[in-house]
Amino acid sequence: MIHLKCWFLPVIRALHSVTGERGIVISRSTFPSSGKWAGHWLGDNISKWDQLYKSIIGMMEFSLFGISYTGADICGFNDNTTYDMCARWMQLGAFYPYSRNHNGIGFVVSVEN
């Protein structure tokens, strides 16, 4: 509850005072029931096939805690990726509640597998 009062509510109030509308807060630091106030980003992942599969599990687990607005970095954040894996991850990402393609600086997409 302290985390909610110290972080989520002030940010939501600030967004509302600036825009006049409800804002969206995305955090890597959430707790059960914070889905009422914020979404959850699964954090920096690696451009590997197993991370694609683990993103599905991670989002389902956070849904159990009342945080349904979740997402992972599509194509992975760290390490080089391949075109095939990135294309497949984009297809899966179309079904993520929170979807973004976010990669680290200097990592490339290669055509080879």
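Keep in mind the model is a prediction, meaning the values are calculated, not measured.
- Inter-residue side-chain proximity for Phe62 and Leu42 is flagged as met; some heavy-atom pair is nearer than 4.5 Å.
- Ser55 and Leu52 get closest at one heavy-atom pair: OG-O, 2.6 Å.
- For Glu21, the CD atom sits in a loose shell: 12 or fewer heavy atoms of surrounding residues, nucleotides or ligands are nearer than 6.0 Å.
- Residues Ile56 and Phe77 do not share a hydrophobic cluster, defined by chaining ILVMFWY side chains whose heavy atoms lie under 4.5 Å apart.
- The side-chain heavy atoms of Asp73 and Gln51, taken from C-beta on, include no pair separated by under 4.5 Å.
- The environment of OH in Tyr96 is crowded: more than 12 heavy-atom neighbours from other residues, nucleotides or ligands sit within 6.0 Å.
- Leu9 and Leu15 end up in the same hydrophobic cluster when Ile, Leu, Val, Met, Phe, Trp and Tyr side chains are linked at under 4.5 Å.
- Of all non-hydrogen atoms in Gly76 and Asn103, the two that sit nearest each other are O-ND2, 2.7 Å.
- Contact check for Phe107 versus Asn78: side-chain heavy atoms found under the 4.5 Å cut-off.
- Under the 4.5 angstrom side-chain criterion for Ile, Leu, Val, Met, Phe, Trp and Tyr, the cluster partners of Ile24 are Ile26, Trp41, Tyr69, Tyr98.
- The shortest side-chain heavy-atom distance between Leu92 and Met90 does not fall under the 4.5 Å cut-off.
- Two residues are said to be in side-chain contact when any heavy atoms from C-beta on lie closer than 4.5 Å; Asn80 and Ser47 fail this criterion.
- Of all heavy-atom pairs between Ser99 and Ile74, the closest is OG-CD1, 3.1 Å.
- Applying the 6.0 Å contact sphere to CZ of Arg100 captures more than 12 heavy atoms from other residues, nucleotides or ligands.
- Residues Gly35 and Ile67 share a closest heavy-atom pair of N-CG1, 3.6 Å.
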